[in-house]
Amino acid sequence: MSYQIKINVFEGPYDLLLFLIKKGEIDIYDIPIAKISKEYLEYIAIMRSLDLEIAGEFIVMAATLMRIKAKMLLPIHVEEEEEIEDPRRELVQNLLEYQRIKNAAEQFEGFEFRSSMHFPRGDTVKDETMEAQDGDFDIQMSIYELVVAYHAVLQKRVEKTYHYVLPDPATIEEKMEEILRLLDVQKRISFHQHLMSHGERIIIVINFLAILELAKRKQIRISQSQPFRNIWIYKYI
Amino acid sequence: MANNDRKHIVEALLFASDFPLSVKKISEIIEDITEEDAAEIVRDLRTEYENLERGFILRHVAGGYEFVTRPEFAVWVKKLQAERRRSRLSRAGLEITAIVAYRQPVNRADIEKVRGVDSGGPLRTLLERNLIKIAGREKAPGRPLLYKTTDEFLRFFGINSLSDLPQLEEIEDIIQHDAKETGMAIEQLHVAGGNSGAEEMRSTD
Amino acid sequence: MANNDRKHIVEALLFASDFPLSVKKISEIIEDITEEDAAEIVRDLRTEYENLERGFILRHVAGGYEFVTRPEFAVWVKKLQAERRRSRLSRAGLEITAIVAYRQPVNRADIEKVRGVDSGGPLRTLLERNLIKIAGREKAPGRPLLYKTTDEFLRFFGINSLSDLPQLEEIEDIIQHDAKETGMAIEQLHVAGGNSGAEEMRSTD
């Protein structure tokens, strides 16, 4: 005989914490951090013993709880006039905000259910794709669709390269000229989009070499605002 | 054009449209009626259908009007449309929708801050279902993308306008809300982990 | 079930159906009516709508029945639909618009290189719809025409400026997320029987 048990999924650490607070009938404005931390960790341990996937955010929260607990254990030297902030303050605010949204989400679920009892006229949604596009009442399409289309068209190119094994005759000199020509008509070029999005590996390599050469000759300037951000290519002025 | 004709043209338009028609749109299509006329006709039609108790009613949603079947008949219509039933939103989807609805325009980092978890997956679903949309960038460091709800969001939830959303504050004090369902989760885990003591337990049906 | 209820359920079904409904299908969905009952109800409804002179009628077509707007009102319905058609871009149109938006100014050969197909037709449509425009010629052999997006493009997609366009890498994280839910991802758990302790536990039957 086997039992199949349904387990509710906690949406995140706040969800789990709120559950523990409710279960323990705890005053949210005065959370016994030691007790809650212990229960929280026990729960994580159980999940782990069951080989359940635990999202990183749950672990981060465990560390946060430990930190708050440590702070609360520290002896407090009350200086005159100084307001001491409760180490739990931020956590409580976040929990309240999440609870508010959770309640709203439950109401939304009710709206969704009520609305799903009404069916629009048939023949309006012939298939899935039509349905996904159905919302633009104001003669407007979503920008998301545009980006997805662009993404897809570039992906298609990458796939294509598996079928054609034609080495591109382009040379580094040609690519250098092409880059400079583009910079005549536009202010800057996105490194990823313009130069690395060509499917053929050889072209990417040639493009890359062309950029290095231009940079060496001080004909272009390369800049990146932050690590991992887009790299921009400007004309050297 | 006789009054009765006007009414029936409006009726035909509402019937033929696959999205809620605003009175503005109606007055644009039928040249010799004003927005006020259209509003009056639609109001009349709505009352009429309500009273006639026919198979469908005129619903005021997403800033417009659309014919939809009466909720009492949903059970039969569902049987007819078994193959194209729309899927319900997940809890994550509902939470993100709620955050966007109340905090819009809002960026992804702020959504994730409220939820406490990465939200890329459900965000994608909502964008694909056109319940939320990208609406520009925030004038802040990094210029993050901003998200807003769409007209489809209103229609999906059967809401006429954003101002009809319940106030967030109103629901704040339900904090001692029923923990019954979630409660089961932990109890069952204890059982699963070898412990016992669950007071109430469901097997799947 | 009262006769009037039956009639209105049938009406709701006819309204919500994607295809002309046969009396057979109707009798299958509403369990306690026969095909003969269904035929009678549909006949009644048909006469009723004919006499009511509403915006739409019930038409007998392709072995079934469907609601359609009255032919007299076709001129207005067409206006509505023409506008609606304009409001969508074809797949090709969307792709080209995306390429122009992200690589502007760009020439036709480059657009076609990215897409891998001739794009003259949809390119013309986009020019006609004023979503893209010609912005001079490239200083290159053959001096090809260069294309750029227009202000209408911004309006159409609901953004303020080109700098509001999301960068690919910015939303790649969302696009590539499978719509999988976050959180602790376990819905159901099989527990071998034997560990009890639960007072109210039903085994699966």
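Numbered from 1 within each chain, the chains take letters A, B, ... in sequence-line order. Note that the coordinates shown come from a computational prediction; the quantities given were computed from them, not determined experimentally.
- Listed by sequence position, B:Glu48, B:Tyr49, B:Leu52, B:Glu53, B:Arg54, B:Gly55, B:Phe56 are the residues of residues 48-56 of chain B in contact with chain C, using a 4.5 angstrom heavy-atom cutoff.
- The 12-atom threshold is not exceeded at NZ of C:Lys148, counting heavy atoms of other residues, nucleotides or ligands nearer than 6.0 Å.
- Contacts with chain C were tallied for B:Phe15, B:Phe67, B:Phe73; B:Phe15 has the most, counting heavy-atom pairs under 4.5 Å.
- Proximity to chain B is absent for every atom of C:Ile26, based on heavy atoms less than 4.5 angstrom apart.
- Heavy-atom distances place the backbone of C:Glu28, and not its side chain, under 4.5 Å from chain B.
- Only the side chain of C:Leu45 comes within contact range of chain B, judged by heavy atoms closer than 4.5 Å.
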Quiz: residues 35-43 of chain B side-chain donor-acceptor pairs under 3.5 angstrom, not counting sequence neighbours:
unit_1  : atom_1 : unit_2  : atom_2 : d
B:Asp37 : OD1    : B:Thr34 : OG1    : 3.4
B:Asp37 : OD2    : B:Thr34 : N      : 3.1
B:Asp37 : OD2    : B:Thr34 : OG1    : 3.2

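- With rounding to the nearest 0.5 angstrom, the CD atom of B:Glu128 is 9.0 Å from the CD1 atom of C:Ile175.
- At a threshold of 4.5 Å between non-hydrogen side-chain atoms, the residues C:Asp164 and B:Arg143 count as touching.
- Both the backbone and the side chain of C:Ser163 come within contact range of chain B, judged by heavy atoms closer than 4.5 Å.
- In this structure the side chain of B:Leu80 reaches within 4.5 angstrom of the side chain of C:Leu21, judged on heavy atoms.
- Nearest approach of C:Pro166 to B:Ile134, heavy atoms of both residues: CG-CD1, 4.0 Å.
- Proximity to chain B (any heavy atom under 4.5 Å) is restricted, for C:Val68, to the backbone atoms N, CA, C and O.
- For the options C:Ile29, C:Ile171, C:Val77, C:Asn160, heavy-atom pairs under 4.5 Å to chain B are most numerous at C:Ile29.
- Rounding to the nearest 0.5 Å gives a distance of 7.5 Å between CD1 of C:Ile30 and CH2 of B:Trp76.
- Using a 4.5 Å cut-off between heavy atoms, B:Arg137 touches chain C through backbone and side chain atoms alike.
- With a 6.0 Å radius and a threshold of 12 heavy atoms from other residues, nucleotides or ligands, C:Asp118 has its CG atom above the threshold.
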